[in-house]
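Being a predicted model, the structure only gives us computed values, none of them experimental. A, B, ... follow the sequence lines: proteins, then strands. Residue 1 opens every chain.
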Protein chains: 2
Amino acid sequence: MDLAPARGAATIEEVAARAGVSRSTVSRVVNGSTAVSPAALEAVRRAIEELQYVPNRAARSLASRQTRAIALVIPEDTDRFFGDPFFGSIVAGIGEVIGESDYVMNMLIASDDASAKALGYLRGGSVDGAIVASHHTSDTFVDRLADAVPVVYGGRPARVRATDHYVDVDNLRGGRDATQYLLDRGHRRLATIAGPADMPAGIDRLQGFRDALADVGLTPVAVEDGDFTEAGGADAMRRILASGEAPEAVFVASDLMARGAFTALREHGYEPGRDVAVIGFDDSAVATSLVPALTTVRQPSHDQGRHMAMMLLDVLAGRATTNTAILPTEIIERASA
Amino acid sequence: MDLAPARGAATIEEVAARAGVSRSTVSRVVNGSTAVSPAALEAVRRAIEELQYVPNRAARSLASRQTRAIALVIPEDTDRFFGDPFFGSIVAGIGEVIGESDYVMNMLIASDDASAKALGYLRGGSVDGAIVASHHTSDTFVDRLADAVPVVYGGRPARVRATDHYVDVDNLRGGRDATQYLLDRGHRRLATIAGPADMPAGIDRLQGFRDALADVGLTPVAVEDGDFTEAGGADAMRRILASGEAPEAVFVASDLMARGAFTALREHGYEPGRDVAVIGFDDSAVATSLVPALTTVRQPSHDQGRHMAMMLLDVLAGRATTNTAILPTEIIERASA
DNA sequence: CTGAAAGCGCTAACAA
DNA sequence: TTGTTAGCGCTTTCAG
């Protein structure tokens with residue numbers, strides 16, 4: 001009984017030889033086929049164990065035309081990916097579901113400079129499907145990806161095609177509700193710090209804001225883009241403040257930007273929640289860590305992640321599934337508005 | 001001139017046929033061989049373009065025995081991975097270097113429940129090498145990984161083997177310096193909130209603390225483990241405070257835990273920096289976001305990431321390289337100590 | 001229940 | 001400079 005082969009990994013051939021069966025039989029037990037005699041099964045198992053055999057994925061995927069891997073593509077730069085708790089939640093949700101499947105999930109950061117390589121990887125058949133975690137309208141990248149493997153988008157894609165699968169939250173409604181909340185508390189001079197104009201989530205929340213205001217015949221005091229980052233939120237708030245009298249209340253399209261807005265407000269001598277009401281969007285960990293605690297629109301990111309993963313699994317399994325899902329948002333009242 | 005094949009991706013065979021050359025010639029141009037005539041090169045390029053040809057990675061890697069992919073393995077659960085800015089820095093550093101190479105990097109979250117699958121993926125030849133971002137002594141997982149592909153560790157592995165490659169920061173020295181800093185400011189009753197006892201980084205920082213104290217004949221007032229999370233840091237601080245008189249100063253083995261410690265201190269009526277000096281470790285974004293700003297030991301995580309990536313690339317290329325690198329730390333003085 | 005045989009799409013000698 | 005020829009390690013009919 002000798003050890004594992006000195007050089008390189010054991011092959012199915014070696015396992016077959018040691019177990020005294022054919023390659024086919026080894027393949028059957030590896031793939032859990034029932035049509036194997038107990039004796040053969042036992043012999044093969046022993047051989048696998050002794051040789052520390054692990055099937056070669058390239059060979060397997062070449063022959064079977066599937067990889068049992070899915071990609072989680074992040075079209076953002078690393079800083080934003082790690083800086084915004086939103087991504088953590090969504091990845092956790094996806095990971096939970098994929099973890100219970102027999103797919104492995106590999107995360108790819110496809111920022112501008114890395115996207116060509118990532119695309120080649122994906123289009124070369126390295127994965128059976130992909131989840132794209134966020135979406136910029138400028139990403140021609142995802143389109144080229146989508147016609148190579150099944151894709152599920154996080155958030156409505158910029159140009160929706162009939163066959164697109166995606167899971168979004170109701171951003172329009174969320175933006176509208178947040179604004180209505182502010183209105184209900186008697187505020188009339190409202191401003192907003194919006195998300196990027198090239199992301200549907202940013203566009204929709206802003207539209208909700210405008211709609212709610214239009215309903216009561218009001219116009220925004222100011223609209224500034226804050227690109228979903230803390231620094232961007234602070235800068236946007238500064239621009240709003242620089243442009244004249246401070247608004248009574250501001251709807252900020254993400255909690256992280258709201259944190260920036262708090263900073264900028266204080267620089268100008270305004271205390272958030274007392275002098276200027278602030279409502280955020282996300283309900284991530286930063287909402288509760290802020291002082292005063294941030295009133296915000298909760299979006300179920302973790303659930304969104306789960307939904308996306310389940311949807312992709314359905315598609316891969318050829319199961320019937322809806323193409324889209326829109327998850328509800330909810331106002332979480334705290335101290336800032 | 002027809003379109004790309006209706007079903008499935010184009011193969012090298014189809015490209016060859018359309019360009020009027022053999023498979024080998026196509027392979028040569030795809031792989032950038034110089035030994036191709038301008039005419040053939042042009043014909044092949046056109047065919048590739050027209051057919052939207054992308055080489056199949058499984059086939060390629062089966063034949064060439066390499067994948068041109070590396071894995072970034074995260075043996076942590078998702079919350080900790082996204083919760084601690086340390087990981088963001090290190091990933092950014094790694095990504096920078098890998099991004100310039102022709103390898104693609106895929107991140108694998110190998111928490112306990114996902115590690116078996118991840119291991120199979122890795123051992124099955126899906127990548128040419130791996131970087132393991134953090135290391136728990138309990139991870140038998142990484143050992144089994146290491147005898148399948150070249151691995152570079154972030155931080156000294158628990159059991160160092162002669163052939164191990166790793167890049168660490170000087171945690172022992174960092175812990176010692178932090179403690180000395182506190183001592184130099186006249187504090188004598190020192191406590192520490194340590195990292196997990198199953199991680200070399202935690203062990204070393206604690207040892208540095210003990211060493212510095214022992215040098216001047218002092219013993220710690222308290223030593224509590226805070227598992228590198230904010231909540232863990234808060235709990236540890238509470239235990240320290242519950243056990244008697246408050247320490248004059250505390251060395252906290254990570255910035256995130258220091259944030260938790262701030263909270264716990266205030267719960268007990270102590271103002272960090274005024275009543276109790278606090279020094280952290282990392283110099284991540286949380287250090288500057290704290291009020292008062294956190295005095296801390298800076299570790300060059302971004303650089304560490306870069307080093308790891310370069311080291312792995314060296315190994316994969318068969319270039320000579322040192323097996324280990326220890327990066328220096330530095331005290332960053334702010335307001336909390 | 002088992003084995004033989006034919007590829008999966010590509011690279012890499014080797015000849016020409 | 002180019003094409004021919006073998007595989008890489010596995011799955012998958014198809015017979016038996």
Can you pull every protein N or O that's under 3.5 Å from an N or O on nucleotides 7-9 of chain D?
| from | atom 1 | to | atom 2 | distance (Å) |
| --- | --- | --- | --- | --- |
| dC8(D) | O3' | Arg65(B) | NH2 | 2.8 |
| dC8(D) | O2 | Ala63(B) | N | 3.2 |
| dG9(D) | OP1 | Arg65(B) | NH2 | 2.3 |
| dG9(D) | N2 | Ala59(A) | O | 3.2 |

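Contact check of residues 118-125 of chain A against DNA chain C (heavy atom, cut-off under 4.0 Å) returns no residues at all.
Residue whose closest nucleotide on DNA chain D sits further toward the 5' end, between Leu41(B) and Ser61(A): Leu41(B).
Taking the six-membered ring wherever Trp is involved, the centroid distance between the rings of Phe82(A) and Phe82(B) falls below 6.0 Å.
Ionic pairing of Arg159(B) and Asp143(B) is present here: one or more N-O contacts between side-chain nitrogen and carboxylate oxygen are shorter than 4.0 angstrom. Under the 4.0 Å criterion applied to side-chain N and carboxylate O atoms, Lys117(A) and Asp102(B) are not assigned as salt-bridge partners. Here Asp147(B) pairs with Arg123(B) in a salt bridge; the nearest charged N to carboxylate O distance falls below 4.0 Å.
Distance alone, capped at 3.5 Å, places no donor-acceptor pair between the Asp84(B) side chain and the Phe87(B) backbone.
Below 30°, between 30° and 60°, or above 60°: for Tyr153(B) and His135(B) the angle between ring planes is below 30°, a parallel geometry.
For DNA chain C, the contact window with chain A, defined by any atom under 4.0 Å from a protein heavy atom, covers dC1(C) to dG9(C) in 5' to 3' order.
The side chain to side chain contact (heavy atoms under 4.5 Å, CB included) check on Leu41(A) picks up Val36(A), Arg45(A), with sequence neighbours excluded. Ala59(A) meets the side chain to side chain contact (heavy atoms under 4.5 Å, CB included) test with Asn56(A), Leu62(B); sequence neighbours excluded.
With rounding to the nearest 0.5 Å, the separation of OG1 in Thr11(A) from CZ in Arg23(A) is 9.0 Å.
Protein atom CD of Glu42(B) is 17 Å distant from nucleotide atom C1' of dT1(D), rounded to whole Å.
When only modelled atom types and interatomic distance are considered, Tyr166(A) and Asn323(A) share no side-chain donor-acceptor pair under 3.5 Å.
You'll find the side chain of Met107(B) stays beyond 4.5 Å of the side chain of Leu108(A), heavy atoms only. Side-chain contact check for Arg57(A) versus Arg68(A): some heavy-atom pair is nearer than 4.5 Å.
In the helix from dC1(C)-dG16(D) to dA16(C)-dT1(D), the terminal helix axes, each the rotation mapping four pairs' C1' atoms onto the next four within five end pairs, subtend 30°, rounded to 10°.
Contacts of Ser37(A) with the nucleic acid, taken as non-hydrogen atoms under 4.0 Å apart, involve only primed sugar atoms and P, OP1 or OP2. Contact annotation for Val21(A): backbone-only contact, meaning every heavy-atom pair under 4.0 Å involves sugar-phosphate atoms and none involves a base. Residue-level contact check: Ser24(B) touches the bases, meaning some heavy atom is under 4.0 Å from a base atom.
When all heavy atoms are compared, the tightest approach of Val21(B) to Ala40(B) is CG1-CB, 4.5 Å.
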